[in-house]
Structures are given as structure tokens and as C-alpha cells.
Amino acid sequence: MNKKDFGVRQVHLDFHTSPLIPKIGSKFNKEQFQAALKKGNVESITVFAKCHNSMCYFPTEIDEMHPNLDFDLTGAMVDAAHEIGVRAPIYITAGWSEKEALAHPEWRAQAEEGKDFCSNPELKSNMDIGPNAPRPHAAWHFLCLNDGNEYTKRIYALTEEICKRYPVVDGLFYDICIVGTACYCESCKKGMREMGLNPEIPDDAKKYFTIKRKAFMSKCESIMRKYHPEATIFFNSGGADQYRPEYHENQTHFEMEDLPTAWGGYDKMPIRAKFFGKTGKGFLGMTGKFHLSWGEFGGFKSGDALKYEIASMALYGAGCSIGDHMHPDGEMEMETYKNIGVAYDYLEKIAPFCYNGESTAKIGLWLTDKAHHGSMEGISNILLENQMDYDIVFNNDFTPFDTVIFPDSVVLDDDALKNLNRYIANGGKVLFMGDGLVKDGKFQIDCGAEYVGGAEFDCDYIVTHLAEENRLPNAPMLCNLPAQKIKATDGCVMAEVLYPYFSRTISQFSGHKNTPHNKQGEYAPAIVKKGNIVYMAHAMGNLYFEMGSIYQKRYLMFALNLLNPKTAFSVEGLGAQGRATMIKQGDKNRYCLNMTYASPVRRGCAEIIEDITDIYNIKIALFVEEKIKKAYLGVTGEELEMAEENGVLTVTVPKLNCHASVVFEY
């Protein structure tokens, strides 16, 4: 991410406003709008041209301006932002436009034959029981973005109108663009047949969907480029999905929408950031000022919570975008921008130590397919909680890494396997698990064992030979997801599986939950090591993602440490909620190690940040080739005393509150 590209301190300003609400924008004031941006220390604000309620906020000949708005609100915001040197990309809704969905049911997307695609399954039933039934949250009909249909023609015309109307368009942000994988509306079925595809064949429907959505994005971009060749463009809801690379070429940058309080917690973003950091394009993390989710009037995160969130984004090299929703009267909520300012004032201080550097991670994590994302996220969480910096293996390139980890369910194609075998031959280390790297009933690499087959029982137990020194139970440890069956050949068995008496069934059970282990029963290999390869018979990533046992985490770390993985640094004293990563800024002759600490807690339905406590005496060991001349804290400049232990440089950070940057100059 290059800060000067489009700014790392952004706001995404929503405005989805009913035509029933009067006096739209009546309290908009240029000076008050600018004061909010200054208070928030904002570099870029995405403003709205058309919303999910189908209202436009500028005089339009293509669409419908909000009936209770009497001036160009979009243009007023753009001009006000530009006057103080703030970028103002323009937002256009695409997949949700409710008034058009009701007026033109033929424009609606269909998830399957005759069934409208809705964002909330309660929407259709509530609409059926009358107009006064309560409307569920975030409930919209999806409109079909099939390039060339009547609805997309309307979006193209609106895009051109906006691009012609405003002399400077910094960028366009299209929303709700690539949801789902196929559409079965009449327009799409007709188009499939014309293309020689069969709507009744799922792969044909998916192929058509991809072709036409890419065409839609390309057409929107070509219109914009005609008038504003340097503007940015992003298609949200699919454009920043690591599992849909076919859409990545249509984005000038990536905005990773991620509301941690409501959408999967605080450890969901690192995988995405590490992936998009490899693409060569700028990328942003996107959170919200809201307590929960989008469009929540009167809901706030504290300034400290936002500070932690933006520090967490910056930790992984992502720029930051904080979502807000303007009141219908057009007045900016200053309390919101006071909180944003707390976060962005701090981001401005730490940005020099977070961006424009190269990852120093020596551990590579293979990206699973979407269906098995939990397996990868479980491993990611374990690494994060142990401050083991990692990066995503990108384009089958294993060479940057000392050790590569494969989650379960991964099968490599011929090219990737060839690269992996070359990597292993050159001394690379591999940890894999479960049914990962198993094809046609055989392991894809030689791990010192033969693959026998899947599990026989509904659970099993792990017995390790080095339990106490790895802080593991010196007793059989339950695994709710049982191991694959293997037979050791010339590998060294480092842990074993002990089976239960039987699987729990309606007619065959013991006690409340799982059947006990059979102490006199058969043992089988659980971990096998051969050279630089370690195989775990359990799908430990998925197991930790689902169960979260501290002993499962330690067990995977036990297996990983059998390989003695090299790292660029180590951290002691930061705790499981601490996060750490390091970049090398070669042009400045320095390394920058960034650390965060906060402890998200469950409050009701949300995961929140409340108490940010001080952490003391964090010991850092550095393993780099260069001779370090100076170590200091990035924000304060406080110099840290360096020591050498067994040939390794160490420093101690006396105190960390939320975040710290430690700079090592060479």
C-alpha cells in the first residue's frame, strides 16, 4: 500500500434514505462537513450518488433524485472535500435498488427457478403478510447485473451522467456486485441459450454469471476511464474475495469489508490482508463506527476500539476505512468524527512504520478453497496467538519461506506439486495434516507413512511422548474430529492415536457425550516425521477453529516445532491476544516490528473491545543478517537498550498500550 496512492485514512459514508423522510440535506453545511473531516483527520471520504432505496442525491435525467432534496448534495460534498484536500470517490448502488426492484420484478435476480434472490430470507414472507409488517434488517431484493439487460443499461447511463457532471471524479465505488455464483432470471436464461450454454447445467450457469459480471465491471470502468482516466474503481461484495480471483483484475485496489463486531471477529482480516498484500495493488481494511453493523443510527464504537482496529489493519499493511451513515438532514455527527479522529491521529503517527515495506515472514500458509476456510483460519489463529508471523503462499511460490503449512483438504495440481517437490529438495520444510495432500488414496509427498483411509470412529484421543515439556496433558487428549488412518513406514512416530471402545450411536453409547478411550485398544500414528516433513493425522486447523482448545493449539505448535522453523523475530510476554508482524524497509535501512494487544470480549451478540490494558516487559529477539545499530520506539523515538544473548540481538519493550512500533536500524 502506497500512502500517496489514495490515502490510508478513509471514511465510507453511507446514505440509504427513504423517500418518505422530509427535508433531505436541509442541514448540510460545507463548513460543518469540512470540520468533521478535519476532526476525523480524514484523507478520503466515499460519498453517495445513489442509494439502496433507489434515490439519487444530485439532479439526474437518468434516474430519480430524492423528492425531498432540492440541491446537488453529492456535488456539494465532493466540492467541500476537494476544497480541503480530501479525496471524494463516489458511491453507486448496483445489486440493491429497492424501488426499481418493486417497479420491475423482471429485473430481479433469481437464486433458482422462480425464486427471487433476497438478502434476508424473512423479506419475502414479511412482504406477503402486508406492508405494515416489520421489515427485517438489511433486507433487500437483489437485482441482476447481467451485462446488457435493461437494469445494467440504466447503471451505465447513470455512470456516464455522473462522470460528465463532475469535473473531478476521484473514483467510483459500486456496491453489491458479485453476490452468488449464478442467476436464473429470464434475462440470464435467455443469454445462456444464446451463448450455447444450458441453464439446467450448474457449471454453465456459473460460467455465464462470471462472463457477464466481468463484462458489467469492464463496461463501467471503460465509461469512467473515458472521462477520468486516473480515477480509482472498486466493485464491492465480491471484488475483495480471495476466493474469486477472476474478478480481481477489474479492481484498481481492494476494500476488505469486515465489521469485526458482527462479521466473524477480529482475526478474520489477517488472512485477507496477507493475500491482497501479494497482489501488487493497494488494499484497505474496512470497519465501521457502529457498535454492530451498517446503517446503525446512534450506535458507536469507542475511540479506543477504533484505534485498536486501525492499528490491527496497519499491522498487516492495510489502509483503513471506517464506515459511517449520514443523518437524512445532511448534518455530520461530530461524536463519530471525534472517535474517528482518535484512531486516525494515531494512524498518522504509525503509518511510516507500517507501510511500504516487505514482509519478513518465514512461514507460508497455503490458501484453502472457500469450503474449507475454517481449516486455514484455525491454523492462522494459532500462529497469530503465538506471534508466529506468516504469509500466504501466492502463485505456487514456496521460495520465500523456511516452512510451509498445508491445512487439511488441500490437493495440489501438477504445477504446484512440482514446485513443492523442488522446494523440499532444496531444504524446505513442510507441515501438513488430515486429508491434506492426499490424492487418489495416496500422499502426494513422502512423509514416512502410507495413507490407509478415513476415520473409523466418531472421535479419538491423542497420546504424545513429550507431553509435559510441550505443556500438553500427560493423558489421552480428546479429538472431536478423528484422525485419518495411516501406517508408518520409514518415518518417526512422534504421537499416537488411541481409539474409543466404539462410536456413539442411538443404540450404542456410554455417558453424556463421547465414548471413553480403550486403554487396551489399538494405537496408530498421529504425527509422523521424516526429514523436513511432518504429517499430522488430525485436521488440527479445523479442530481448533471449531473447538478452540488451548491444548489443540499447543499440539499443533508441538508438531510445527519439530521442524524448528526459522523466523525473523520472536516475542515473549505479549500473551495469546497479542499480535506481531515485521516488515523490512530497505530504502530506509531498517526493520519495523509492529505489535498490538487488546482482548475482545463477547457482550450480548457482539464481540467488542472495552478494556485495553498495559502489557509490560515484552522481550523481542531479532534474527536478521544485518548488524543492527539502533533500536527505538517508532512513535516516541525512545531508544531501547540492545543486548546480545547467544549471538542473538534482544531488546525489551517496557510497556505497550494497544500498539507499539519497534524500529531496528542497520
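These numbers come from a predicted model, not from an experiment.
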Show which side-chain atoms of residues 163-170 pair as donor or acceptor with protein atoms under 3.5 Å away, not counting sequence neighbours.
from, atom 1, to, atom 2, distance (Å)
Arg165, NE, Asp72, OD2, 2.9
Arg165, NH2, Asp72, OD2, 3.1
Tyr166, OH, Asp72, OD1, 2.9
Tyr166, OH, Asp72, OD2, 3.0
Tyr166, OH, Gly75, N, 3.4
Asp170, OD2, His82, NE2, 2.6
Asp170, OD2, Ala88, N, 2.8

Would a line drawn from the ring center of [X] to the ring center of [Y] be shorter than 6.0 Å?
X	Y	answer
Phe48	Phe15	yes
Phe173	Tyr91	yes
His373	Tyr243	yes
Trp294	His12	yes
Phe117	Phe142	yes

Taking side chain to side chain donor-acceptor pair (under 3.5 Å) as the definition, give me every residue that meets it alongside [X], ordered by chain and number, with sequence neighbours left out.
X	value
Ser44	Arg87
His253	Glu255
Asn53	none

- Query: How far apart are the C-alpha atoms of Asp63 and Thr60, what are their side-chain angles, what is the distance that settles it, and do they pass the side chain to side chain donor-acceptor pair (under 3.5 Å) test?
  - Reply: CA-CA 6 Å; Asp63 221 309; Thr60 173; over 6 Å; no
Using the side-chain contact (heavy atoms from CB on, under 4.5 Å) criterion, which residues pair with [X]? Sequence neighbours excluded.
X	result
Glu333	Phe300, Glu335, Thr336
Ala101	Glu98, Arg108, His141, Leu143
Asn29	Glu31, Gln32
Phe394	Phe275, Lys278, Thr279

- Item | Candidates Phe235, Phe276, Phe234 - the one meeting ring pair (Phe, Tyr, Trp, His ring centres under 6.0 Å) with His248 | Phe276
- Side chains of Met77 and Leu13: closer than 4.5 Å at any heavy-atom pair? yes
Heavy-atom closest pair, residues [X] and [Y]:
X	Y	value
Asn68	Leu20	ND2-C, 4.5 Å
Asn149	Cys144	ND2-O, 3.1 Å
Phe353	Val635	CE1-N, 4.0 Å

- Ionic contact status for Glu296 with Lys289, cut-off 4.0 Å: no
- Message: So that I can tick it off, tell me whether Asp345 and Lys307 are bridged by a salt bridge, with the cut-off set at under 4.0 angstrom between side-chain N and carboxylate O.
- Response: no
For residues 192-202, please give each side-chain donor-acceptor pair under 3.5 Å, one per line with the distance, not counting sequence neighbours.
from, atom 1, to, atom 2, distance (Å)
Glu194, OE2, Lys190, NZ, 2.6
Asn198, OD1, Glu200, N, 2.9

Between the side chains of [X] and [Y], is a donor N or O closer than 3.5 angstrom to an acceptor N or O?
X	Y	result
Asn594	Thr581	no
Glu43	Gln10	no
Glu221	Asn250	no
Tyr156	Asp147	yes

- Query: Between atom CG of Leu347 and atom CD1 of Ile310, what is the distance when rounded to the nearest 0.5 Å?
  - Reply: 4.5 Å
- Not counting sequence neighbours, list each pair that qualifies as a side-chain hydrogen bond (donor to acceptor under 3.5 Å, both in side chains) and has a residue in residues 17-26. none
- Keeping to residues at least two apart or across chains, list the salt bridge (charged side-chain N to carboxylate O under 4.0 Å, His left out) pairs with something in residues 241-252. Lys214-Glu249, Asp241-Lys370
- Query: Do we get Arg213 above Phe209's six-membered ring, with its NZ or CZ under 6.0 Å from the centre and within 45° of the axis?
  - Reply: yes
- Query: Within the side chain of Thr159, is there an N or O that forms a donor-acceptor pair under 3.5 Å with the backbone of Cys220?
  - Reply: no
- Task: Would you list the pairs meeting ring-ring contact (aromatic ring centres under 6.0 Å, His included) in which at least one residue belongs to residues 331-351, sequence neighbours left out?
- Result: Tyr346-His659
